[in-house]
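Encoded as structure tokens, the structure appears first; notes follow it.
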Amino acid sequence: MTRSDSPDKRFLADYRPYPFILEQTTLSFDLSPDATRVKADLALKPRGGAEDLELDGGKDLRLMSILVDGTAPDPGHVRRDGECLIIAAAALPDGPFTLTSEVEIDPSANTAFEGLYISGGMFCTQCEAEGFRHITFYPDRPDVMAPFHVTIRSDKPVILSNGNPVRQEEGLAEWHDPWPKPAYLFALVAGDLVAISDSFTTKSGRDAALNVWVRPGDEDRAGFAMESLIKSMKWDEDVYGREYDLDVFNIVAVDDFNMGAMENKGLNIFNSKLVLASPETATDADYERIEGVIAHEYFHNWTGNRITCRDWFQLCLKEGLTVFRDQQFTSDMRSAPVKRIGDVQTLRARQFREDQGPLAHPVRPEEYEEINNFYTATVYEKGAEVIGMLKRLVGDDGYAKALDLYFERHDGDAATIEDWLKVFEDATGRDLAQFKRWYTDAGTPHLKMTEEWSDDGRLILNFSQHTPPTPGQDEKPPRVIPIAVGLIGPNGDEVAATRMLEMTEAEQSFTFNDLGARPVVSALRGFSAPVILERQIDNATRAFLLAHDTDPFARWEAGRDLALSALTALAQGQEGGGEYVDAIGQLAADASADPAFRALCLNLPGEEEIATRLSASGITPDPDAIHMARNGLARRVAEAHADLLSSLYDEMAVSGPYSPDAGAAARRALRIAALGLLNRIDRGDRAEVLFGTAGNMTERMAALTCLIRRGRGHAALEALHQQFGDNRLVMDKWFAVQPMAAPPEDAAAIARRLSERDDFDWKNPNRFRSLLGGLAANHAGFHAEDGAGYDFTADWLMRMDRVNPQIAARLSTAFETWPRYDADRRSRARAALERMAGMEGISRNLREMVSRMIA
Ligand code: PHE
Ligand code: ZN
């Protein structure tokens, strides 16, 4: 596609610095629900020649006045052009000047939750990526950075913005942020809020006041967020040498939020589901996510804020690195192997899926229409994997040196991926030209491995790599792939410790010498690269690795492969599963293995994952056959190991008060895994007892899911509603679990019935995501043969698009795998997509998504 025939697209290659320097931003807000006034004073200085001043500004801004150095310019020199305000060069001085504008905006009409909006009576903002232009006219691009001085008038008791407080009095607050920042990091909050407070002294002795702000009544559920914040601050000092740099750090929980959370400088704004937790309302998974996301947003203070992105094509610069850092943090706080396995599962479920379909794009895209559509698993999770590989290639010391250099060289900059890679090259002397392909080339490489053994004790491993084409990229040159390999002797002892093989060619061999007997190869240990490993391996060898591999990831992977090979066979009407059933019993009985690890092994791969595996081998997945195959195998496991599972279920009960720590969570995870299997043969009796007696949400939700699967969920659903009908976060779970655990043939009808309820507050993103995401998580339900899942989803996406385009576009990814199914399903999915594409007044967000999916 050429630039001239795609006027709506933005291209990386078109980057040009902003022609003005912004030295200071001074804002003054007069908050009112439907007529907020915003006055902006921008101290600007031309970089060079006489250029027009272009400011971004949404159509929702009502311009009240505009002044250049205090005087109104000639009206002929000011024009609005679409989403821009342009002041002609002729109206501007040669040297520094102040541009003053005043606009009026209507936060109460803002249902897209981008810019300034109202949530639960509280004013709040969301500016990433391009929300600030809905607040005032501004160079809304990340490479324009300035210190902010903000004055806010409001009758709300608590008024917050970025930086340090300068003045707080009744009806007014003034904040100053000394650190130059782009507009996307601006934030403002005004509401009736209460804080739980603490403090942190940095390693060089600076005191910071910490607050987690919530609505009155929610204070007793904010403590875990505060603990997580303090751990994060300490960890970033210990591991990365990064200190906090302001006098206060505020976190605010809001109910209406499009994403998870936002790293605004000194004022992080969070989706309330990632702040509020109590044992009765949050699961272990919720606690772990809260800890991880609090850390993620805090870590952005250095990787994102102090060093930001030059443009939105560089989004992975901050997101990939910050995800990598939060993953390291969680590994340190909890179990590193369990964390790694979980991350790989997410990567495969979300990113591999994305990479294999019509929405595939590079970690650093080169074009987009709507940047909000690129907050993806590829940018985030694959972006983090790429950094993990880089670390593996340069070693821990090289990584530490490179990061020190990165902070030293780029503090205060709006940087690029080129800057990032250069830092590694300079710190380690390595040439990263080939490595850069991980950023520029989309798609998941397939890595084939074969073995050649000769009796003189020599083993040759032959590898070949191939990456299938992705939209706009047909040819994929070979990439550098770090392949961690260990060897295990026939008696189960490791005969060669992990060695990092560095593959750089399309085909390449590596030799191991002086081996006594033919070893079993443990390949791609720790998931050393985000690739699909294809090797000739039989089930006996997989079972051997599951029993003996010293690398926890590879060990888990062997069990996973065993399960997947059985499930893909069963889903095609073949036999299979015997080896899996035997091996999994041995592992479950191994009391020396971490309960969390055993739980991970006992959980069968989901239906989506089975479908992905089938389609990667060129087989059209049949959702109903997959559903039956998985149920059948789970039942066989339960029958074969009923006694063992039953005693695990009893033994793993945790007594005493609830604690979300990794040890207790691991026991609950194993207990729940056993319950899920036993549920297939005990009619749901255990689940019913557990639902009635458990004191924590982790076990209650697990029990509820089991009951729904047995068609016995009614009373439990009623009871939960009775108890928590006024708790939004619990009700979100209530809405999600019903379509998710429903029999596939009923799932869409159940979702539709739920959508007709008064308490389906669909404009709330969490509630909407619960219901539509719950249905999408039911693989055979969403892909029901009659198209009911597709139609229901398309109906609601179209309705949501008029209100909140970001949410509609995001959830449209439920369709991203449609091309892999049979002709009937394909034609129904295509019809749903075309119906959306043809919608009058469709947003740019949803339009881009459906057109990429149809293309
Ligand atoms: N930058 C946020 C994060 O990763 C995500 C986000 C993007 C939030 C856009 C809101 C809007 O942490
Ligand atoms: Zn982030």
Side-chain angles (χ1 to χ4, degrees), residues 110 112-117 119 124-135 140-142 162 181-189 225 228-229 232 236 251-275 289-309 311-330 343 346 350 363 365 368 370-385 387 414 765-766 769 804-811 845:
N110 184 350
F113 305 140
E114 191 185 25
L116 179 65
Y117 63 97
S119 173
C124 62
T125 55
Q126 173 50 46
C127 294
E128 189 179 3
E130 297 179 333
F132 196 72
R133 63 189 60 186
H134 299 287
I135 294 177
D140 188 9
R141 41 187 285 170
N162 315 92
K181 68 167 176 292
Y184 84 87
L185 291 172
F186 168 80
L188 168 167
V189 170
S228 304
L229 173 61
S232 309
D236 213 14
I251 290 176
V252 182
V254 303
D255 287 332
D256 298 287
F257 201 75
N258 288 344
M259 306 278 277
M262 180 62 210
E263 69 263 25
N264 316 300
K265 184 81 187 188
L267 177 52
N268 287 186
I269 297 183
F270 272 64
N271 188 318
S272 54
K273 76 171 177 202
L274 291 168
V275 172
R289 271 205 82 206
I290 290 171
E291 186 179 86
V293 177
I294 295 264
H296 179 99
E297 305 311 329
Y298 175 72
F299 297 161
H300 267 315
N301 191 53
W302 274 95
T303 52
N305 302 2
R306 288 285 287 259
I307 305 179
T308 194
C309 302
D311 53 67
W312 290 119
F313 297 101
Q314 322 294 330
L315 182 58
C316 65
L317 178 76
K318 73 176 178 81
E319 296 304 348
L321 178 53
T322 306
V323 171
F324 182 70
R325 276 152 48 72
D326 83 54
Q327 291 175 345
Q328 288 182 302
F329 168 77
T330 301
D343 287 341
T346 316
R350 301 185 44 224
V363 172
Y368 62 75
E370 171 52 63
I371 187 57
N372 282 306
N373 289 336
F374 285 82
Y375 286 76
T376 60
T378 297
V379 169
Y380 275 65
E381 273 81 31
K382 186 175 179 182
E385 284 305 316
I387 294 176
N766 290 357
R769 224 184 333 252
N804 187 331
Q806 269 183 47
I807 293 293
R810 195 149 263 279
L811 282 152
N845 306 56

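Each ligand, and each atom within it, is numbered from 1 in the order the structure gives.
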Evaluate Asn372 for polar contact with ligand 1, using N/O atom pairs at a separation under 3.5 Å. no

Within ligand 1, which atoms have a heavy atom of Glu297 less than 4.0 Å away? 3 (C), 12 (O)

Parallel, tilted or perpendicular: which fits the ring planes of Tyr375 and Trp312, with parallel below 30° and perpendicular above 60°? tilted

Which of the numbered atoms in ligand 1 are below 4.0 angstrom from a heavy atom of His296? 3 (C), 4 (O), 12 (O)

Are Asn301 and Lys265 side-chain neighbours, meaning at least one heavy-atom pair lies under 4.5 Å? yes

So, of the N/O/S atoms that Glu319 has, which is the nearest one to the Zn ion (ligand 2)? OE1

Any idea which atoms of ligand 1 are less than 4.0 Å away from a heavy-atom of Glu263? 1 (N), 2 (C), 3 (C), 12 (O)

Taking atom 6 (C) of ligand 1 as the reference point, the nearest protein heavy atom with its distance: Met259 CE, 3.7 Å

Taking the six-membered ring for Trp, are the ring centroids of Tyr368 and Phe313 within less than 6.0 Å of each other? yes

Angle between ring planes, His300 versus His296, binned at 30° and 60°: parallel, tilted or perpendicular? perpendicular

For Ala261, take its heavy atoms, then give the atoms of ligand 1 lying under 4.0 Å from any of them. 2 (C), 3 (C), 5 (C), 6 (C), 8 (C), 12 (O)

Under 4.0 Å from a heavy atom of Gln126: which atoms of ligand 1 are those, numbered in the order shown and with their elements? 10 (C), 11 (C)

So, regarding Glu128 and ligand 1 (criterion: nitrogen or oxygen to nitrogen or oxygen, under 3.5 Å), is there a contact or not? yes

Please tell me if the side chains of Glu381 and Asp343 come closer than 4.5 Å, counting only heavy atoms from C-beta onward. no

How about Lys181 and Thr308: do any of their side-chain heavy atoms sit closer than 4.5 Å? no

Heavy-atom contacts with Lys318 under 4.0 Å: which atoms of ligand 1 show up? List them by number with element. 1 (N)

The answer for which part of Gln806 has a heavy atom under 4.0 Å from ligand 1 is neither

I'd like to know if the side chain of Ser272 pairs up with that of Asp255 as donor and acceptor (distance under 3.5 Å, no hydrogens or angles considered). yes

Taking the side chain as every heavy atom from C-beta outward, state whether Ile135 and Phe186 have any atom pair closer than 4.5 Å. yes

If you look at His300, which of its N/O/S atoms is nearest to the Zn ion (ligand 2)? NE2

With atoms numbered from 1 as shown, which atoms in ligand 1 lie under 4.0 angstrom from a non-hydrogen atom of Tyr380? 1 (N), 2 (C), 3 (C), 4 (O), 5 (C)

Below 4.0 angstrom from a heavy atom of His300, which ligand 1 atoms are there? Numbered from 1 as shown, please. 3 (C), 4 (O), 12 (O)

Side chains of Glu297 and Asn268: is there a donor and an acceptor less than 3.5 Å apart? no

